[in-house]
Amino acid sequence: MRSLYGKFLTFTLGIMITSAVIAFLVVNTYYHQQLKGQNDTKNMNIALSIASYIESDEHGDLRNYFKTQADAGYKIFVADEQGKVMEFGAPFRVENLDKQSIQEVLDGKLYHGMRDLKTETFMTGFFSDELANTVGVPFTYEGTTYALFMRPDIKLLFTEVHYLLGGMVIVMAIVSLLSMLIVAKKLIEPITKLTVAAKKVGEERFSGTLDINRQDEIGQLAQSFQRMTERLSENDRMRKEFISDVSHDFQTPLLNIKGFAELLVDEELSPDKRSSYAKVIQSETERLSSLTKQLLLLTSLDQLESPLRRRAFRLDEQVKEIVRKFRWLLEEKQLSLSMELDEVEFTGDPSFLEKVWENLLSNALKYTQSDGEIDIRLTSKLDTVEVRIRDTGMGIAEEHLSRLFDRFYRVDHSRTRDIEGTGLGLSIVHQVVQLHKGSVKVESEEGVGTTFTVTLPNL
């Protein structure tokens, strides 16, 4: 697999080469379309001036004059009527001037080779070093007619300024390329770090901090990746704790059931002990059943993107029905219950919300001592519905409140062991309320009591 750095280098070189080719094509096309005629006219005027000067001063040295013009930066080709040829300056790369064109100039016509040069895409019009790419004029010297063909010597026209400009362009290209390579390395370096970090995350190694301090898009990506890694690390920790807690919560009642079942095999066991052991087995079985139902409920809440089946129902009637289910426990513990419920028509999932009120009320009943009080309030506001359940139970210490809705979290294991808590009830409450776009708040003081307030949007 080619590295990103190699690809960037290839793309950069490709872009530079492509740009050079496109620039050449554009400039060459512009010369053929716009400048070729002007260049022909300019050189034709120079050739006519030379011919006029020669004819006005026939006693001069013709060869020395042409040599001087060649030294000034021109390539000159001269032919007479007898076919004799004289060349001055550097030789032409291609001598492709046909005899007919020479004869036409000798007959008095002008030759516009620069203007009439064929227009070809990859043909360098101005730099084409061909004898056909010249201008031709006739002149008479000492009674003999000559055909003069000439064009600028491109090599001689390149002065120190042109070399400086050309060198500057080359240096700019080299510096630009090196700069792009350095910038590419700087850009790719954090991506390489992100790749290494991603491989570690793929191997479930979530520790470590990305050393990428940038304010651009890559820096934002690194920050997002770091936050994702932290969330994954936290989820991994919670998953392992969840598996550990589930294993523990299943193992304990199963061991109790197994142990007491083995005791029941004893034929000499007294009826009282047999009944006591059977009650323990029944209690642990009910605890497993309750734990299984709550785990299934949590699984359905986790896996479904939209598990709610919303419909309109009377929320106050639902709360009353939950209270009726627990009436026997209220009377058994001799608890005082007060309710103040507004008539509320609410749109939501009644089956899930029923679990919320069941868990909150069952917690209040479990942790409130005999002769205690439980107060339930249902209040309809402009845009929200508020359900508040307050008890005068043992309360919760402040340090436990932040983790109260975590799965399997128990404030006091010794206390909940007797009350048969699973540590999942409040987690279900929190998740169901969130699915309804609501919030749940808890206020508690040890020895005084606890108040749960559920706020739901009244759509």
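We number each residue from 1, following the sequence as shown. From a predicted model like this one, the values you see are computed outputs, not experimental measurements.
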Does the side chain of [Y] come within less than 4.5 Å of [X]'s, by heavy atoms?
X	Y	answer
Trp357	Leu315	yes
Asp316	Phe346	no
Tyr146	Thr144	yes
Val78	Phe139	yes
Gln69	Ile50	yes
Phe149	Ile102	yes
Ile22	Thr18	yes
His436	Leu353	yes

>> Assess, by modelled atom type and distance only, whether the side chains of Asn133 and Asp129 contain a donor and an acceptor separated by less than 3.5 Å.
In response: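 Looking only at side-chain atoms, Asp129 and Asn133 do not form any donor-acceptor pair under 3.5 Å.
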> Do you see a donor-acceptor pair shorter than 3.5 Å between the side chains of Asp98 and Ser101?
Replying inline: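 Looking only at side-chain atoms, Ser101 and Asp98 do form a donor-acceptor pair, the distance falling under 3.5 Å.
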>> Pair Leu426, Asn359 - check side-chain contact (heavy atoms from CB on, under 4.5 Å), show working.
In response: CA-CA 7 Å; Leu426 291 180; Asn359 280 299; 5.7 Å; no
> Atom OH of Tyr111 and atom CG of Asp40: how far apart are they, to the nearest 0.5 Å?
Replying inline: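 With rounding to 0.5 Å, OH (Tyr111) is 9.5 Å from CG (Asp40).
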> Which one of Arg390, Glu386, Glu443, Arg377 satisfies the side-chain contact (heavy atoms from CB on, under 4.5 Å) criterion with Thr453?
Replying inline: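 Filter result, single survivor: Glu386.
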> Among Lys109, Met150, Met44, whose side-chain contact (heavy atoms from CB on, under 4.5 Å) with Val137 holds?
Replying inline: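 Answer to the side-chain contact (heavy atoms from CB on, under 4.5 Å) test with Val137 among Lys109, Met150, Met44: Met44.
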> Are the ring centres of Phe92 and Phe77 closer than 6.0 Å?
Replying inline: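 Centroid separation for Phe92 and Phe77: 6.0 Å or greater.
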>> Test side-chain contact (heavy atoms from CB on, under 4.5 Å) on Ile396 and Leu401; report intermediate values, then the result.
In response: CA-CA 7 Å; Ile396 305 169; Leu401 295 179; 3.9 Å; yes
>> Show the nearest heavy-atom pair for residues Glu81 and Leu106, with the distance to one decimal.
In response: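 That closest heavy-atom pairing would be CA-CD1, 4.1 Å.
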> Do you know which two heavy atoms are closest between Ile389 and Ala364, and how far apart they sit?
Replying inline: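 The answer is CG2-CB, 4.4 Å.
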> Under 3.5 Å, side chain of Ser444 to main-chain N/O of Gly449, donor-acceptor pair present?
Replying inline: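 Flag set: sc Ser444 to bb Gly449 pair under 3.5 Å.
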> Please walk me through it: do Thr379 and Val385 pass side-chain contact (heavy atoms from CB on, under 4.5 Å)?
Replying inline: CA-CA 6 Å; Thr379 306; Val385 174; over 6 Å; no
> Checking salt bridge (charged side-chain N to carboxylate O under 4.0 Å, His left out) for the pair Lys325/Glu354: CA distance, chi angles, key distance, verdict?
Replying inline: CA-CA 12 Å; Lys325 289 182 180 180; Glu354 182 180 8; 2.7 Å; yes
> Given Asp349 and Arg311, is the salt bridge (charged side-chain N to carboxylate O under 4.0 Å, His left out) satisfied, shown in steps?
Replying inline: CA-CA 6 Å; Asp349 192 315; Arg311 66 178 179 85; over 6 Å; no
